[in-house]
2 protein chains.
Amino acid sequence: MHQKGLDHSLGFLLGATYRKLTNFFAGRIKEFGLTPEQWAVLFRVREEDGLIQKEIADRAGKDKPTTTRILDTLEAKGFVTKRASEHDRRSFQVFITEQGKETADAIEPIEYSTIAEIAQVMSIEEYELMNQLLRKLNDHTTSLLEHEKEQ
Amino acid sequence: MHQKGLDHSLGFLLGATYRKLTNFFAGRIKEFGLTPEQWAVLFRVREEDGLIQKEIADRAGKDKPTTTRILDTLEAKGFVTKRASEHDRRSFQVFITEQGKETADAIEPIEYSTIAEIAQVMSIEEYELMNQLLRKLNDHTTSLLEHEKEQ
DNA sequence: CCAAATTAGTTGTTACAACAACTATATCTC
DNA sequence: GAGATATAGTTGTTGTAACAACTAATTTGG
């Protein structure tokens with residue numbers, strides 16, 4: 001891959017990096033029958049049992065349709081179960097299953113070691129700084145997007 | 001959006017940031033009938049006329065199927081044309097049309113100003129550093145991935 | 001110089017993401 | 001408390017990405 005002028009855009013660089021990192025991680029967890037995005041959602045379900053889908057969507061940074069579909073997949077695979085909420089008949093609470101818990105427990109250390117492996121090229125200070133800058137960018141872009149939609 | 005514990009993973013942060021940035025930019029160029037990914041490909045075609053698809057794919061950081069489909073879309077919209085290569089009958093050369101050139105000329109400054117607007121939250125030094133770190137990460141992950149496939 | 005390997009491109013499939021439109025329920029306001 | 005509004009979730013559509021399987025053409029190596 002030449003990727004001549006790869007740096008023509010920040011978005012390009014961000015996208016390329018994200019995809020490679022995701023693909024690398026995907027290879028590491030394929031054996032558990034989960035994609036990185038399914039893992040991101042399962043992680044949130046494990047974080048707090050009984051969350052409703054809207055809350056999971058918010059925490060996972062995904063929109064409602066995407067969350068619905070990923071949760072459906074996770075349910076079909078037996079990693080989570082849904083139950084109609086008693087307080088609000090519009091919503092469903094999501095619970096992790098035994099199988100889901102076991103799988104999550106197995107994947108979590110793999111995630112950490114994968115990040116460690118990938119971040120090997122830089123010092124801890126650089127890594128922290130990059131995270132901090134990315135978060136700044138993320139927050140700023142979020143507010144720009146929200147501003148836009150208000151109009 | 002709470003995004004409680006957003007930082008649980010570098011991949012998560014990278015993905016969320018990339019998507020927001022892309023969406024923001026998408027809103028800015030929608031009027032030209034192009035998505036950010038289509039723009040990324042058109043940019044490469046404009047960069048050098050007569051490239052074959054494989055070369056465009058490499059430069060755009062996309063795989064062959066994705067490039068084929070995006071180029072088909074660009075051709076259907078009248079931004080590029082394909083012509084069978086005379087040197088190699090397997091391949092097609094891609095050329096930008098007048099309409100494609102005009103559109104690219106209009107979008108390029110928008111891309112720059114969008115990046116400038118988004119990067120406003122940090123200093124030029126921070127921006128350069130972030131780019132450099134991302135590139136490091138990108139290169140390292142690329143080599144990890146290539147390593148993996150050799151086996 | 002010919003069979004084997006490689007390369008350019010396409011097509012099919014699965015998974016996400018964004019957006020819009022929709023149903024059902026809940027909340028707000030007068 | 002009834003109508004307007006907002007919210008939770010689903011479904012449909014389009015675009016992109018990854019992977020596998022395929023065709024056709026080219027290159028390589030004995």
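What you see below is based on every heavy atom in this structure, not just the backbone, and it leaves out hydrogens, waters and symmetry mates. Order of the sequence lines fixes the chain letters, A, B, ..., with proteins taken first and strands second; residue numbering starts at 1 for each chain.
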Rounded to whole Å, how long is the line connecting atom [atom1] of [X] with atom [atom2] of [N]?
X        : N      : atom1 : atom2 : result
A:Ile56  : D:dA8  : CD1   : C1'   : 12 Å
A:Glu146 : C:dA18 : CD    : P     : 14 Å
B:Ile52  : D:dA25 : CD1   : C1'   : 12 Å
B:Gln93  : C:dA8  : CD    : P     : 14 Å
B:Leu21  : C:dA18 : CG    : C1'   : 16 Å
B:Leu34  : D:dT16 : CG    : P     : 10 Å
A:Asp72  : D:dG9  : CG    : P     : 12 Å
A:Leu71  : D:dA8  : CG    : C1'   : 13 Å

Looking only at the side chains, is there a donor atom on one of [X] and [Y] sitting less than 3.5 Å from an acceptor on the other?
X        : Y       : answer
B:Thr142 : A:Lys20 : yes
A:Thr66  : A:Asp63 : yes
A:Lys77  : A:Gln99 : no

Would you mind classifying the nucleic acid contact of [X] as base, sugar-phosphate or nothing, using non-hydrogen atoms under 4.0 angstrom?
X       : answer
B:Lys54 : sugar-phosphate
B:Asp63 : base
B:Thr35 : sugar-phosphate

For B:Asp58, is there an ion pair with B:Lys54 - N to carboxylate O distance below 4.0 angstrom?
yes

How about A:Glu86: does its CD atom have over 12 heavy atoms from other parts shown lying under 6.0 Å from it?
no

Taking side chain as C-beta onward, heavy atoms only, is A:Ile70 less than 4.5 Å from A:Thr35?
no

Please figure out whether A:His87 or B:Lys64 has its closest DNA chain C nucleotide nearer the 5' end.
B:Lys64

Of the nucleotides [options], which has the atom closest to the [X] side chain?
X       : options                : result
A:Thr66 : C:dC16, D:dT10, C:dT10 : C:dC16
B:Asp88 : D:dA25, C:dT10, D:dT10 : D:dA25
B:Pro65 : D:dA20, D:dA17, C:dG9  : D:dA20
B:Arg90 : D:dA25, C:dG9, D:dG12  : D:dA25

Contacts of A:Arg69 and A:Asn23 projected onto DNA chain D by closest heavy atom; the upstream (5') one is A:Arg69

Under 4.0 angstrom between [X] side-chain N/O and [N] OP1 or OP2:
X       : N      : value
B:Gln53 : C:dT7  : no
B:Arg19 : C:dA17 : yes
A:Thr68 : D:dT10 : yes
A:Lys30 : C:dA15 : no
A:Lys62 : C:dA17 : yes

So, under a plain 3.5 Å distance rule, would you say the side chain of A:Arg89 forms a donor-acceptor pair with the base of C:dT25?
no

